[in-house]
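Here's the structure, in structure tokens; my notes come after.
Chain letters run A, B, ... following the sequence lines, proteins first, then strands; residues in each count from 1.
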Amino acid sequence: MEETLTRETQTPARARPRGSRDPIGWARANLFNGWFNSLLTILILALLVWIVPPFIRWAISDAVFGAATPDECKAASGACWAVVTEKYRLILFGRYPFEEQWRPLFGIVALVGMALLSCDRRFWGWQLLVIWALGLGIFFVLMGGGVLGLSPVRTNLWGGLPLTLMLAFIGIAAAFPIAILLALGRRSKLPIISALSVGYIELIRGVPLITLLFMGSFMLPLFMPTGVDIDAILRAQVAIIMFAAAYLAEVIRGGLQALPKGQHEAAAALGLGYWQTQGLIILPQALKITIPPIVNTFIGLFKDTSLVAIVSLTDLVLATRQALGDPEWRQFFIEAYLFIMVIYWVFCFFMSKYSQHLERSLATDRRS
Amino acid sequence: MAHATANAEAGRSDEIMVDLQRVNKWYGDFHVLKDVSLTVRRGERIVVCGPSGSGKSTLIRCINRLEEHQQGRILVENIELTNDVKNIEMIRREVGMVFQSFNLFPHLTVLENCTLAPLWVRKMPQREAAAVAMKFLERVRIPEQAEKYPGQLSGGQQQRVAIARSLCMMPQVMLFDEPTSALDPEMIKEVLDVMVELAHEGMTMICVTHEMGFAKSVADNVVFMDQGEIVEMAPPAEFFTNPRSDRTKAFLSQILAH
Amino acid sequence: MAREGLGQSAATASSGVVWWRNPTIRGVIAQVVVVVLLVAVVWYLVHNTITNLNERSIRTGFSFLDQEAGFAIGEALIAFAPTDTYGRALLVGLLNTLRVSLIGIVLATLLGVVIGIARLSSNWLVAKLASVYVEVTRNIPLLLQLFFWYTIVTQLLPAVREALEPVPGVVLSKSGLQFPIVVGDPTHLPVLGVLALSIVAAFVYRRHAYRRQRETGQEPRLLWPMLAIICLPALAVFLVTGAPLELDVPEFTRFNYRGGASVTPEFLALLLGLSIYTAGFIAEIVRSGILAVPWGQTEAAAALGFRRGLQLRLIVLPQALRIIVPPTTSNYLNLTKNSSLAVAIGYPDLVSVGNTTLNQTGQAIECISIMMAIYLTISLLISAFMNWYNRRIALVER
């Protein structure tokens with residue numbers, strides 16, 4: 001055998017050039033590849049050196065933490081986190097009776113717990129209905145009282161984070177069935193039903209939420225029979241539900257369209273009627289693939305609930321502005337705003353990460 | 001067989017078209033090409049085969065610098081591939097490539113796909129470029145599809161357009177990166193026919209493919225790669241009947257089993 | 001047996017079937033039921049509304065549009081006095097909405113494209129910084145960002161007396177931004193005329209360059225020749241007419257800066273908030289649009305010998321734009337709708353003015369309908385454009 005031509009044994013690996021593992025090689029590949037990138041890197045580093053240390057000094061080293069008077073804060077050169085210590089009850093719970101504020105706190109826990117449980121795919125099914133019914137039920141019992149020995153608290157005292165969460169969660173939950181009907185209606189072959197659905201969806205999506213909130217607060221009372229007075233929170237909630245339903249309907253329609261036509265045909269071949277086909281075959285699949293965009297819609301809705309501040313509901317934003325109405329503390333608005341920005345950000349950021357994670361895992365599900 | 005060999009001899013010369021000298025490449029810690037050396041002369045037809053992950057695609061992608069090698073030298077028509085963009089563009093103009101997934105430009109018609117590079121890279125007038133394109137579209141037997149968009153064609157038709165698109169640049173060397181792997185069985189033949197014809201016309205070709213029938217009938221040399229190195233290189237008659245290495249034997253028995 | 005049964009039912013589908021099992025008739029019945037229900041609900045609501053309006057003696061109809069508004073508007077693109085009508089006030093509001101939206105769209109697009117491309121940068125630091133921007137701006141409510149910027153502008157910026165002047169002539173203070181503008185001069189008219197003609201000429205040149213390419217193969221050189229064609233003649237006319245360039249620079253008088261052009265703190269905060277917020281969304285669209293063009297397209301273009309610039313211009317961008325334009329347009333629409341948050345910081349946009357009108361006249365239904373109708377019109381116009389564009393660029397598939 002002429003072993004010279006063939007190579008049965010592997011060549012010993014030769015010295016590998018500088019790769020991406022060691023820091024210098026990494027920096028060369030990712031920060032200083034080419035003159036333009038080197039220039040950018042240096043500019044950005046300079047910018048960071050200029051901004052970050054002063055910011056850290058302001059936010060941490062020179063800041064006033066814990067309880068302090070406004071005068072102590074003014075004396076310090078850094079941030080006045082004392083404004084948060086002083087006002088956090090007002091910011092988080094609004095004007096809810098002070099002694100009873102453990103109730104909105106546990107209300108928040110109930111809603112967040114309900115959301116966390118909903119993230120678990122094992123509960124996707126009838127369990128979800130139970131979880132949401134329980135979560136919202138506990139929330140309303142805690143907030144409203146009047147049963148189980150809890151003193152009743154009128155809704156005009158509800159505010160802060162629980163109000164924000166409630167508007168968002170009820171908004172999405174109540175909009176969901178309406179949205180399914182609208183989505184099915186828009187795809188329906190019946191001309192009047194599809195025209196009505198299209199009309200509703202496009203009308204709502206074409207106008208700003210604030211005009212719907214105005215409609216809720218000014219026009220809804222006119223629609224009611226004389227003598228019937230509807231609660232301010234309920235008015236805003238109705239507007240939010242109407243708004244969410246239109247956007248959600250479009251998301252669900254996207255999911256319905258993504259299903260192969262064969263599914264309809266297979267269902268018809270099995271002899272299923274319209275509602276059986278939709279309920280047993282089409283919707284379960286369509287809703288599953290639309291959960292990531294539904295979560296994204298929910299993030300948008302969660303942010304949009306802040307608009308109720310404009311129609312004078314004491315949500316997280318308006319509660320903060322009321323807290324800043326105190327002339328003693330008004331000048332520390334940056335600290336107060338940063339505090340609630342962090343709250344909103346944490347909720348939205350983790351929901352969007354969850355939605356991205358879900359999208360990837362659903363995509364692999366479908367491939368395998 | 002004899003016919004093919006005779007034809008192959010006709011286009012051959014001793015001029016070296018592609019020369020790889022001890023080429024090495026790593027992806028991170030993974031050594032994809034280990035001291036690969038290969039010389040391809042004008043008119044020569046090389047078929048590269050080997051199990052997946054053996055580095056055969058990487059090898060031909062290094063020839064037109066879609067992948068960068070880290071050690072060793074690669075010369076195409078005596079121009080060395082370096083970081084010099086001018087050299088790279090010069091070489092790419094002379095080297096045509098056909099991809100596994102066609103990579104036609106979906107926003108352009110078939111004809112525009114074929115004329116775009118001659119127009120912008122070869123600086124050819126439109127009329128001339130269109131004439132050349134029609135000539136090659138006829139050669140691959142789809143002139144009637146010239147005004148359609150790639151999305152309207154079948155896989156086999158798309159791949160033939162991709163071949164025509166490369167030919168429009170009048171390349172000296174054609175690289176084929178598994179051109180039939182993404183095709184339905186009934187379409188493989190129409191693409192292979194075009195490739196066989198091209199080979200008979202004397203085109204210098206380096207083909208990564210699992211089509212052993214094609215290798216037997218057209219190739220001057222078959223290269224077997226495994227784990228980043230060239231294990232064996234021989235004319236097809238010898239390669240298929242009398243492989244020397246055990247790794248080649250194992251591979252052949254697998255691929256010829258069905 | 002089964003087959004026979006099926007055949008039978010198919011044959012009798014149109015004739016002998018019990019009527020309530022016929023899908024067509026079922027469809028008609030379903031629609032009639034929906035319409036009847038809807039009419040009943042609407043009738044009930046209208047009835048209640050009329051009763052309520054009568055009881056509270058609120059007037060109806062749009063005649064209030066011709067009445068004197070009686071309130072002043074802080075900034076207006078057309079002349080407005082409190083003695084003008086509500087109708088004109090709403091027009092002022094609409095113009096303000098369009099003004100902040102259009103400028104906001106331009107800024108958001110510029111910023112969004114830069115950040116979207118930065119996220120794809122091979123420079124780790126640039127990419128990380130861009131993604132931090134996107135994650136922060138997208139995950140905080142716009143209203144909160146608006147309040148934040150507005151409070152910064154009105155509280156943190158110095159008073160007029162100690163105004164910041166980052167660039168000479170550009171004055172930033174609690175009362176907004178003031179900047180120099182060119183004083184109009186009769187000779188500017190011919191300069192502008194020449195400029196307009198030159199722009200037309202530049203595009204004629206471009207067409208010519210492309211035609212020459214088709215005829216001779218010569219690659220069109222566009223950037224520098226076109227810039228020269230546009231700039232040089234206008235510059236020449238400008239110099240020949242004696243280069244009269246007088247700037248109206250804001251100058252400090254006894255109490256405040258006078259001269260130049262100015263924008264209010266409300267406008268500044270709204271513009272800043274809208275642009276920064278929307279740019280985060282546009283950046284994501286740009287990034288995913290570019291990523292959506294398969295890498296194989298770039299490789300194929302490279303393998304054909306296109307240089308980097310041409311690969312982008314001829315192959316990648318035309319495909320990426322198809323993906324980018326539709327969602328970007330709907331973000332423009334969102335920005336326009338979001339400009340209604342102006343009402344929260346007191347910029348007199350359509351909703352602000354409408355809200356004031358509503359509070360003064362009490363005619364909620366009419367005021368809200370006007371606002372909704374105007375926004376709906378804008379939305380429909382933009383989506384009509386979007387549909388037209390989508391049809392024009394849709395890839396032809398089998």
Checklist entry - Contact part of C/Glu135 toward chain A, heavy-atom cut-off under 4.5 Å: side chain, backbone, both or neither? => result both
Item to check | Among C/Ser340, C/Ala373, C/Ser122, C/Ala364, residue most engaged with chain A (heavy-atom pairs, under 4.5 Å) | outcome: C/Ser122
Next on the checklist: Ignoring hydrogens, what is the shortest heavy-atom contact between A/Pro221 and C/Asn52? Give both atom names and the distance.
Outcome noted: O-ND2, 3.7 Å
Next on the checklist: Please give me the minimum heavy-atom distance between C/Leu143 and A/Ala309, naming the atom from each residue.
Outcome noted: CD2-CB, 4.2 Å
Checklist outcome for this item: Okay, A/Leu196 and chain C: the region with an atom under 4.5 Å from a heavy atom over there is side chain
Checklist entry - Can you say whether A/Phe349 sits under 4.5 Å from chain C via the side chain, the backbone, both, or neither, judging by heavy atoms? => result both
Item to check | Part of A/Leu212 within contact of chain C (heavy atom distance under 4.5 Å) | outcome: both
Checklist entry - Is there a side-chain contact between A/Asn37 and C/Leu125, using heavy atoms and a 4.5 Å cut-off? => result no
Next on the checklist: Do C/Val351 and A/Phe214 make a side-chain contact, defined as non-hydrogen atoms from C-beta onward lying under 4.5 Å apart?
Outcome noted: yes
Checklist entry - What class does the angle between the rings of A/Tyr337 and C/Phe147 fall in, given that below 30° is parallel, 30 to 60° is tilted and above 60° is perpendicular? => result parallel
Checklist entry - Given that the side chain runs from C-beta out, which part of A/Ile340 has a heavy atom under 4.5 Å from chain C: side chain, backbone, both or neither? => result both
Checklist entry - Say you draw a straight line from CD of A/Glu202 to OG of C/Ser383; how long is it, rounded to the nearest 0.5 Å? => result 6.5 Å
Checklist entry - At a heavy-atom separation under 4.5 Å, does C/Val126 approach chain A through its side chain, its backbone, both, or neither? => result both
Checklist entry - Within a reach of under 6.0 Å around NZ of C/Lys128, are more than 12 heavy atoms found that belong to other residues, nucleotides or ligands? => result no
Next on the checklist: With a 4.5 angstrom heavy-atom cut-off, is it the side chain or the backbone of A/Thr41 that approaches chain C, or both, or neither?
Outcome noted: both
Checklist outcome for this item: In terms of heavy-atom contacts, A/Ile192 and C/Gln31 come closest through N-OE1, 2.6 Å
Checklist entry - Considering only heavy atoms, which portion of C/Ser121 lies under 4.5 Å from any heavy atom of chain A: side chain, backbone, both, or neither? => result side chain
Checklist entry - With respect to chain A, which residue among C/Thr49, C/Val343, C/Ile378, C/Val28 yields the maximal number of heavy-atom pairs within a distance under 4.5 Å? => result C/Thr49
Item to check | Contacting moiety of C/Ile368, where chain A heavy atoms sit under 4.5 Å | outcome: side chain
Next on the checklist: Can you give me the closest heavy-atom contact between C/Ala30 and A/Leu190, atom names plus distance?
Outcome noted: CB-CD1, 4.4 Å
Checklist outcome for this item: Per-residue tally against chain C (heavy atom, under 4.5 Å) across A/Ser38, A/Ser352, A/Pro208 peaks at A/Pro208
Checklist entry - At their closest point, which heavy atom of A/Ser306 faces which heavy atom of C/Pro141, and how far apart are they? => result OG-CB, 3.6 Å
Next on the checklist: Just verifying a value: how many Å separate C/Asn139 CG and A/Trp345 CH2, rounded to the nearest 0.5 Å?
Outcome noted: 7.0 Å
Next on the checklist: How about CH2 on C/Trp149, more than 12 heavy atoms from neighbouring residues, nucleotides or ligands closer than 6.0 Å, or not?
Outcome noted: no
Next on the checklist: If you compare all heavy atoms of A/Arg330 against all heavy atoms of C/Gln155, which two are closest, and at what distance to 0.1 Å?
Outcome noted: CD-NE2, 4.1 Å
Next on the checklist: Can you tell me which of A/Arg205, A/Met219, A/Met351 forms the most heavy-atom pairs within a distance under 4.5 Å of chain C?
Outcome noted: A/Met219
Checklist entry - chain A: which of C/Leu142, C/Ile152, C/Leu333 shares the most heavy-atom pairs with it under 4.5 Å? => result C/Ile152
Next on the checklist: Using the rule given for side chain to side chain contact (heavy atoms under 4.5 Å, CB included), can you reason through C/Lys337 versus A/Val207, listing the C-alpha separation, both sets of side-chain angles and the distance that settles it, and then say yes or no?
Outcome noted: CA-CA 7 Å; C/Lys337 286 189 287 175; A/Val207 300; 5.7 Å; no
Checklist entry - When rounded to the nearest 0.5 angstrom, what is the spacing between CD in A/Gln331 and OG1 in C/Thr151? => result 13.5 Å
Checklist entry - Under a 4.5 Å heavy-atom cut-off, does chain A meet the side chain of C/Asn359, its backbone, both or neither? => result side chain
Next on the checklist: Is C/Leu129 close to chain A through its backbone or its side chain, or both, or neither, when contacts mean heavy atoms under 4.5 Å?
Outcome noted: side chain
Checklist entry - Quick one: what part of C/Val46 sits under 4.5 Å from any heavy atom of chain A, side chain, backbone, both or neither? => result neither
Next on the checklist: If you count heavy-atom pairs within less than 4.5 Å of chain C, which of A/Leu209, A/Ile299, A/Leu48, A/Leu203 leads?
Outcome noted: A/Leu203
Next on the checklist: To the closest 0.5 Å, what do you measure between CZ (C/Phe148) and CZ (A/Phe333)?
Outcome noted: 7.0 Å
Next on the checklist: I'd like to know if the side chain of A/Lys303 reaches the main chain of C/Arg138, judged simply by a donor and an acceptor atom lying under 3.5 Å from each other, with no hydrogens or angles considered.
Outcome noted: yes
Item to check | A/Met215 CE to C/Met372 CE distance, which is reported to the nearest 0.5 Å | outcome: 5.0 Å
Next on the checklist: Between A/Ile310 and chain C, with a heavy-atom cut-off of 4.5 Å, which part of the residue counts as in contact: side chain, backbone, both or neither?
Outcome noted: side chain
